[in-house]
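Lettering of chains follows the sequences in order, A, B, ..., and the numbering in each one begins at 1.
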Amino acid sequence: MVWQPTNVVEQDRWQKASDLEAQGVILYPPRATRTNTCAQAITLMTAYEEHGQAPENAPVVTVCGRIRRANIKGKVSFMHIEDESGRIQLFLRVNDMDETVYNRVKDKLIDMDDFVQATGQLMRTQAGEISIRVREFVLLAKSLSPLPVIKQEVQEDGTVIEHGGFTDKETRYRQRYADLAVNRDVRDVFIKRAKIVKSVRNFLDDEGFLEVETPILQPIYGGAAARPFTTHHNQLDQMLYLRISFELYLKRLLVGGFDAVYEIGRDFRNEGVSFKHNPEFTQVEFYKAYADYHDVMDITERMVAYVAEQVNGSPVATFKGEQINLAPAWKRITMREAIRQFTEIDYMDYPTAPELEAQIRKLDEKGVKPGQTWGKLVEHLFSEYVEKRLIQPTFIMDYPRDISPFAKRIEGDDKHVERFEFYIAGMEMGNAFTELNDPRDQEARFLEMAELYAKDSDEETPLDEDYLRAMRFGMPPNGGFGMGIDRLTMLLTDQHSIRDVLMYPHLKDEK
RNA sequence: GGGCCCGUAGCGCAGUGGCAGCGCACUUGACUUUUAAUCAAUGUGUCGUAGGUUCGAAUCCUACCGGGCUCACCA
């Protein structure tokens, strides 16, 4: 079906488009030229004026952008055009330009939202705004559907009040292009997101890590507790999973002789959607030989503080009105101690699952599914009573073994492994271990997981023969780390839903 | 998956049983330094979808679709 205008505004624009074509105007010319961005043009004029030079010799510029405001007055008109750098006003006067071209503006054949190219001398209007006295005016792209109208009122002190708006979340997410086009602050979030990724990369590069890329399509998934997406390779008739983590592929590279590797990329988990979960999300994982989880904690707090400094110019982040200080050193506390503080239960007093489950039921009758493993029960206690209260950055150390199949046991402790997660603003931000490098123990763990958790449960950890083969060649002791980039972005941009830090968050099908 | 809330013009919203409304945008006219431009005039609808109740439904009821918050699940 060929698209038809769906409302009056679109009908008008459709008509204008054919009127312009009848005049010989090319609606979508293949090329544009520009000498300056809008922001550069303003800077140029400011600098020119500072040298006290005559206005009649002011520089001539060509700028390109989208029309975001139009005030057609008669024989003189004003527009603001906007490119990524900002806005500049165009001053169009019939005397200064070709009358036919001017009349297209006066007759409103040129609309808000059109992309245009304008050439002229920089000037100041009587009201004092730096503008371009347009002498050449070229349509670059006709807009056939109107963007939401937002009017900007600039106050005496320079602050901008916006009138009108584009706020419907569903429409904004489905039509992110329109959201970005009209909501400047949305663009700023994604600019910061790019800085965050860049800063993480810079930090790890400077620490001597090598950036690598590993498969997204995997014949066996692993490295985390999550259900995978499945897919299929037609020619090879091969069943494949989208990765749920990078862990096992990265650690194989330590066997290969790299001392320190990292990857930034997308993981896929076939699970619930919430304000902090999206089916595909971005992680950074790194593995460093000869480091343990204490070393990784040191790196973590330095890295996060560095990123905050690079992105916001301060290690202190504001989230939901709360000041969060990301500067080292962060609080370090064991899982056992954290749970004891918030629930007064020392779970080591209840070393079997039935005992611990009974104890949890005393706190909250409905909270627990029956028949969970001891480790899952500990995790339940933690997420129920502790997690939300960890606002300032906190390392939670020493996790139950049966929920941590890739972490090394704590010597002389058959219940715990050398694992930490770190929490900021009540959210888990990342997960790390002293990595298990004993192939015999790793195989035992795979078998233990198979015994404890049913196939198709989210804790299912398929035995990866190739991974064990790699480990048998010898894997150096190492510390590993994973962190959610989306959640870090939420924290550093004060956005409270993961959807607001994803360009295209996952949504159900339209209609 | 449960609970609560929302869906009306391009956008933002009002309307809770009796003619479908407001602001901005759009259209027409005026205006040679405006800036939320102003002034005047005229338009703009599958009231999310389907069914039901009723003389009459945007409004009440049911189901469904989409969304938000929240709980559960889940890192």
Both distances below 3.5 Å, Watson-Crick or wobble geometry, any strand: find the nucleotide opposite [N].
N     : answer
B/C69 : B/G3
B/G17 : none
B/C24 : B/G10
B/C64 : B/G48
B/U59 : none
B/C31 : none
B/A36 : none

>> A quick test of your reading: do over 12 heavy atoms of other residues, nucleotides or ligands sit less than 6.0 Å from CD of A/Q155?
In response: yes
How far does the [atom1] atom of [N] sit from the matching atom of [M], given to the nearest Å?
N     : M     : atom1 : result
B/C19 : B/U28 : C1'   : 27 Å
B/C13 : B/A30 : C1'   : 31 Å
B/U42 : B/C24 : P     : 15 Å
B/G21 : B/U44 : P     : 10 Å
B/U54 : B/G48 : P     : 23 Å
B/G23 : B/G18 : C1'   : 27 Å
B/C26 : B/C11 : P     : 15 Å
B/U8  : B/U70 : C1'   : 27 Å

Looking at the side chain of [X], which of [options] is the nearest nucleotide?
X      : options             : result
A/K16  : B/C69, B/U33, B/C26 : B/C26
A/V149 : B/G12, B/G10, B/A72 : B/G10
A/T167 : B/G12, B/G67, B/C11 : B/G12
A/M123 : B/U33, B/C13, B/G10 : B/U33
A/A127 : B/U35, B/C11, B/U44 : B/U35
A/T125 : B/U34, B/G67, B/C24 : B/U34
A/E170 : B/A36, B/G12, B/G67 : B/G67
A/K73  : B/G66, B/G12, B/U34 : B/U34
A/K151 : B/C69, B/A25, B/U33 : B/A25

Do [X] and [Y] have side chains that approach each other closer than 4.5 Å (heavy atoms only, starting at C-beta)?
X      : Y      : value
A/N183 : A/F166 : yes
A/F137 : A/R104 : no
A/L122 : A/I88  : yes

> Under the criterion ring pair (Phe, Tyr, Trp, His ring centres under 6.0 Å), which of A/Y347, A/Y293, A/F433, A/Y399 is the partner of A/H416?
Replying inline: A/Y347
Which part of the nucleic acid, if any, lies within contact of [X], taking any heavy atom under 4.0 Å across all strands shown: a base, the sugar-phosphate backbone alone, or nothing?
X      : answer
A/I72  : base
A/K508 : sugar-phosphate
A/R69  : base
A/F91  : base
A/Y423 : base
A/E129 : base
A/A226 : sugar-phosphate

> A/K108 side chain N/O closer than 4.0 Å to the phosphate oxygens (OP1, OP2) of B/U27?
Replying inline: yes
> OP1, OP2 of B/G67 versus side-chain N and O of A/R172: anything below 4.0 Å?
Replying inline: no
Between the base of [N] and the side chain of [X], is there a donor-acceptor distance below 3.5 Å?
X     : N     : result
A/R87 : B/U35 : no
A/Q89 : B/U34 : yes
A/N95 : B/U32 : yes

d([atom1], [X]; [atom2], [N]) in whole Å:
X      : N     : atom1 : atom2 : value
A/N71  : B/U32 : CG    : C1'   : 12 Å
A/D168 : B/C69 : CG    : P     : 12 Å
A/E384 : B/C73 : CD    : P     : 7 Å
A/Q152 : B/C11 : CD    : P     : 20 Å
A/Q155 : B/A36 : CD    : P     : 9 Å
A/Q175 : B/G66 : CD    : C1'   : 14 Å
A/R124 : B/U35 : CZ    : P     : 17 Å
A/E10  : B/C11 : CD    : C1'   : 13 Å

For [X] and [Y], which I'm curious about, is there any donor-acceptor pair between the side chains at under 3.5 Å?
X      : Y      : result
A/D96  : A/Y102 : no
A/Y221 : A/E460 : yes
A/N103 : A/D107 : no

>> Return the CD to NE2 distance between A/Q89 and A/H80, rounded to the nearest 0.5 Å.
In response: 4.5 Å
> Taking the nucleotide of RNA chain B with the closest heavy atom to each, which residue, A/A70 or A/R269, is nearer the 5' end?
Replying inline: A/A70
> Of A/N7 and A/S497, whose nearest nucleotide on RNA chain B comes first from the 5' end?
Replying inline: A/N7
> Since syn is defined as within 90° of 0, does B/U16 count as syn or as anti?
Replying inline: syn
> Checking ring pair (Phe, Tyr, Trp, His ring centres under 6.0 Å) for the pair A/F78/A/F91: CA distance, chi angles, key distance, verdict?
Replying inline: CA-CA 5 Å; A/F78 300 85; A/F91 175 66; 5.4 Å; yes
